[in-house]
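For reference, the structure is listed below as C-alpha cells.
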2 protein chains.
Amino acid sequence: MSKKSISIKDIAKLAGVSIATVSRVINRNGKVAPETEKKILQVMEENHYVPNLLAKGFRTQKFTTIGIIVPDISIEFFSKIAKKVQTIFFEKGYATIICNTNEDYKMERQCINMLQAQHVGGIIHIVSVTTEKEKKTSIPTVYIDREPAYGNTKKDMVLIESDNVSGGYQATNEMIKKGCKKIICFCPKDKGSTHIKRWDGYCKAMEETGGKPRLVSLDNVSEVDAYEKAIELFGKDKEIDGVFATTDLIAIGVLKALKELKIKVPSQVKVFGYDNSLLSEIATTPIATVEQPIELMSEKAAEMLEKLMDGERPEESHIVVPVKLVKRKTGK
Amino acid sequence: MSKKSISIKDIAKLAGVSIATVSRVINRNGKVAPETEKKILQVMEENHYVPNLLAKGFRTQKFTTIGIIVPDISIEFFSKIAKKVQTIFFEKGYATIICNTNEDYKMERQCINMLQAQHVGGIIHIVSVTTEKEKKTSIPTVYIDREPAYGNTKKDMVLIESDNVSGGYQATNEMIKKGCKKIICFCPKDKGSTHIKRWDGYCKAMEETGGKPRLVSLDNVSEVDAYEKAIELFGKDKEIDGVFATTDLIAIGVLKALKELKIKVPSQVKVFGYDNSLLSEIATTPIATVEQPIELMSEKAAEMLEKLMDGERPEESHIVVPVKLVKRKTGK
DNA sequence: TTGAAAGCGCTAACAC
DNA sequence: GTGTTAGCGCTTTCAA
C-alpha cells in the first residue's frame, strides 16, 4: 500500500539531531536553539511530516478523539448537533468520530465498545429510544436531548436538554391565546423522553386554562401515520381548532390531511410543530414551530465534556436551556 | 479521570500466563491449549477487557479506521451517504470518522491532515466546492458525487458518481413529453461539477428537440435566491411552462414564487427538482425529482476503497451509476 | 503449547 | 540546548 509514512526518527536523522529535539519542536516545549528549530521545521516541511497522533495519544494517554453517538444522522436535528459539536472540537484540535445507532441498542452498544477500543477521550451521546438501562462505559460522557433510562441516579450523569416541557407549554399557550378552544396533541409517546416532556407541557397549558388534554398517540414519527390519524380524526370531529405536533414531520402529516379535507390553516385550525426544521420553514404552508437552541446545546455539551475529561465534577449535571417560539406569517 | 483501563498485561497476570498467550487468544492465531484459552477468556470477560485498538493499529500498521469527508453533514443527501458508508464499514469492523468541511478548502485540508495523523486506512471524500487542485495525501481515497478539480489525471483517481447528465436529460425530456414548450433551468453553476453536468443534460434534451437552453444562474443553493429570481422571471415571461431545478431546494423556491404569483403547478408550469429529498416528497405540492441511488453509490465506494486499501489497482476507476425519475401525482 | 523480548512512534525524565 | 533512554499496549519472531 502507500509507502510507510515518515516518522520523527527520519526527521531527526535528516536534520542531524536527536528525536527528542524534534519532539520538542513539534510540541513547542523545552528550549531549542532558533537555528536548530528552523532547520527541523524546514526538514519537516520538505518531507510533509505529519505527527502520528495514534502514537502520541498512546504514549501520553491523552486522547484527542471525541465520539459522537446519534440515533440517526440523516435526521436534521441530530445532524445539526453533530455538525456543531464536531466544529467546536475541531477548533480545539480534537478529531471526532460520529456514529449512528439507527435507534438500535445493539448498534449502540457496539458503538460504545468501538469508541472505547479507540480510546476516545469523551463521548457526546444522544441515546436511541431502545437504549439500555445500565451505563456501559467509564468514558466521560455527556448526554444531549434524550434522557438515558438510568437517569434516576442523576448525580453521575450529565445531561443537556432544551426545555421540552416549556416548549410544549408555550406552543399550546400561543394557540390558546389566539383563540383555540379544542387543541389536540399528536405525539409518539414511546419514542423517547423528549416527546413525553412536550406532551407534559401541553397538558399543563391545557389544564391551567380548564381545557382537557387529548392525545393522538402515534406509532412512529413519520408523517404518514400522522396523516392517517388526522384524516380519521378531523373527518368526524369538526370542533378541533388547534394541533400541537411534537415534531415538525408530524405537523407536516397533519397539514397534508387538513389540506385534503379542505380545512384552512391557520384560520380554521392552527398547527404547531417542533424543531424549526427546514421542512417547517419551506413547507408551502409554513408551520409555526418550537426552536431548540442547537448551537447553545452543543456548546454547553462540549464545555461540560471538557470538564469531565479534565477530571472535574461539574457543579450542575443537568442543564436545561430555553426554547423559542417561531411564528410564521401565513397566507390563508 | 476514569481509572486506567485494563491491559493485556493485567489479563496475563490474572490468568497466570504470558501476554503472548493472551494475544494469541485475542487474535485466534497460534495454538493455545483449550483450557488455557478458556481460562483467559473467562478472565477477560470478568474484567470487561477491551483490546486497545490504538496500540494494535500502531503495532501492526493496519488501520481499521475509515475517514468520511463531506461538505455539509446537515444536507440530506450527504448525511445519507455518510450514514450508509458508515453502516457498511461498521459491519466490517471498521470505525469511521465523519468530518465536515463546511464547503471550505481550509477545513478540508485540516480534515485530511487530521485523518492522516489518525492513520486512517482510507478516505471516502465528497469534495467541497472550493476544493484545492492538488491531491493532498497518499491515503487510499475514493471520491463520491463531486469530481475533484485535479480530475484531468483520471487514472489515479477513483470516482463514484451518479449519471447527472442523464438525470438532467431525463427530467427535461419528461417535461417535453408532457408538452412543455419553454423550459428554463435554475442552476448554481459554480457550485460543483454535479450541477454543471445536470445543466449539460438539460441542454442536450433541449437541443435535440430544437429548443433553446435558458439558464437562470443562481448565486447559491438556497431556496431564497431561487424564489427571488423566479418571481422576477415569471413576472415578465408568461410563456414559461417548465422548470428544471438542479436540486430540490431550488425547486421549492420556484414553487413558492409560482404559488405567490397564482400560477398553477403542474397544469400551467411543471417543476422538476433533483435528489428525491424528504422535502420534495412532503412539500404540500410534491415535486417530481431525480433520485440518485445513494445506497448503491455508497456500496460501490466502499467496495472500491477496500480494494485500494488492499493495494489493488481497480480496473475501472470511474463508475457512473444510473438515476431514476420520481414522478408525483399532484392535485392541481 | 508457551514465554521472552524486540519494536511500532512518540514523550518526558534525566543526564550532560 | 541537546541527547539518551524507558515505556505506553500490542504483535510477532525466536527459543524453549
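Atom set for the values below is all heavy atoms of this structure, side chains included, hydrogens, waters and symmetry mates excluded. Keep in mind it's a predicted model, so treat the numbers as computed, not measured. Letters go in sequence order (proteins before strands), and every chain restarts at 1.
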inquiry  = So, applying side-chain hydrogen bond (donor to acceptor under 3.5 Å, both in side chains) with A:Thr131, which one of A:Glu108, A:His125, A:Glu147 is it?
reply    = A:Glu108
ask   = Does B:Arg146 reach the main-chain N or O of B:Ser193 with its side chain, forming a donor-acceptor pair under 3.5 Å?
value = no
request  = Step through the shown structure and confirm whether more than 12 heavy atoms of other residues, nucleotides or ligands are within 6.0 Å of CD on B:Glu45.
outcome  = no
Separation of D:dG1 P from A:Ile40 CD1 (nearest whole Å) = 13 Å
message = Going by ring-ring contact (aromatic ring centres under 6.0 Å, His included), name the pairs with one or both residues in residues 67-93 of chain B, residues two or more places apart or in two chains.
response = B:Phe89-B:Tyr94
ask   = What integer distance in Å separates A:Ile6:CD1 from C:dC8:P?
value = 15 Å
query = Rounded to whole angstroms, how far apart are NE2 on A:His119 and P on D:dG9?
reply = 8 Å
ask   = Atom CD1 of A:Ile124 and atom CD1 of A:Ile66: how far apart are they, to the nearest 0.5 Å?
value = 7.0 Å
inquiry  = It should be established whether B:Lys9 places a side-chain nitrogen or oxygen under 4.0 Å from OP1 or OP2 of nucleotide D:dG7.
reply    = no
message = With side-chain hydrogen bond (donor to acceptor under 3.5 Å, both in side chains) as the rule and sequence neighbours excluded, what pairs involving residues 28-39 of chain B come up?
response = none
ask   = Any sub-3.5 Å donor-acceptor pair from B:Gln86's side-chain atoms to A:Ile98's backbone N or O?
value = yes
query = Which residues in residues 42-57 of chain B have at least one heavy atom lying under 4.0 Å from any atom of DNA chain D?
reply = B:Tyr49, B:Pro51, B:Asn52, B:Ala55, B:Lys56
task = Determine yes or no for a side-chain-to-main-chain donor-acceptor pair under 3.5 angstrom, with A:Asn100 supplying the side chain and A:Ile73 the backbone.
result = yes
query = When the distance from CG of A:Asn27 to C1' of C:dA13 is rounded to whole Å, what number comes out?
reply = 15 Å
request  = Starting at atom NZ of A:Lys39, determine the distance to atom P of D:dT2, rounded to an integer number of angstrom.
outcome  = 13 Å
Residues 292-300 of chain B side chain polar contacts: donor-acceptor under 3.5 Å, at least two apart:
residue: B:Gln292; atom: OE1; partner: B:Ser162; partner atom: OG; Å: 2.6
residue: B:Gln292; atom: NE2; partner: B:Asp275; partner atom: OD1; Å: 2.9
residue: B:Ser298; atom: OG; partner: B:Ile294; partner atom: O; Å: 2.8

request  = Look at the side chain of B:Asp72 and the backbone N and O of B:Ser74, then say whether any donor-acceptor pair between them is shorter than 3.5 Å.
outcome  = yes
request  = Determine the contact category for B:Ser23: base if any of its heavy atoms lies under 4.0 Å from a base atom, sugar-phosphate if only primed atoms, P, OP1 or OP2 are that close, otherwise nothing.
outcome  = base
Pairs: protein N or O with nucleotides 2-6 of chain C N or O, under 3.5 Å:
residue: C:dT2; atom: OP1; partner: B:Thr36; partner atom: OG1; Å: 2.5
residue: C:dT2; atom: OP2; partner: B:Ala33; partner atom: N; Å: 2.7
residue: C:dG3; atom: OP2; partner: B:Ser18; partner atom: N; Å: 2.9
residue: C:dG3; atom: OP2; partner: B:Ser18; partner atom: OG; Å: 3.0
residue: C:dG3; atom: OP2; partner: B:Thr21; partner atom: OG1; Å: 2.6
residue: C:dG3; atom: N7; partner: B:Arg24; partner atom: NH2; Å: 3.4
residue: C:dG3; atom: O6; partner: B:Arg24; partner atom: NH2; Å: 2.4

Length of the line joining B:Glu35:CD and C:dT1:C1', which is rounded to integer Å = 10 Å
ask   = Is B:Phe58 stacked on the base of C:dC8 when the test is centres under 5.5 angstrom and planes under 30 degrees?
value = yes
task = Take the C1' atoms of the five end pairs on each side of the helix from C:dT1-D:dA16 to C:dC16-D:dG1, derive the two axes, and give their angle rounded to 10 degrees.
result = 40°
remark   = Checking C:dG9, C:dA12, D:dT12 against the side chain of A:Asn29 (C-beta onward), the nearest is C:dA12
request  = Mind listing the closest non-hydrogen atom pair of A:Pro51 and B:Ala117 along with its distance?
outcome  = O-CB, 3.5 Å
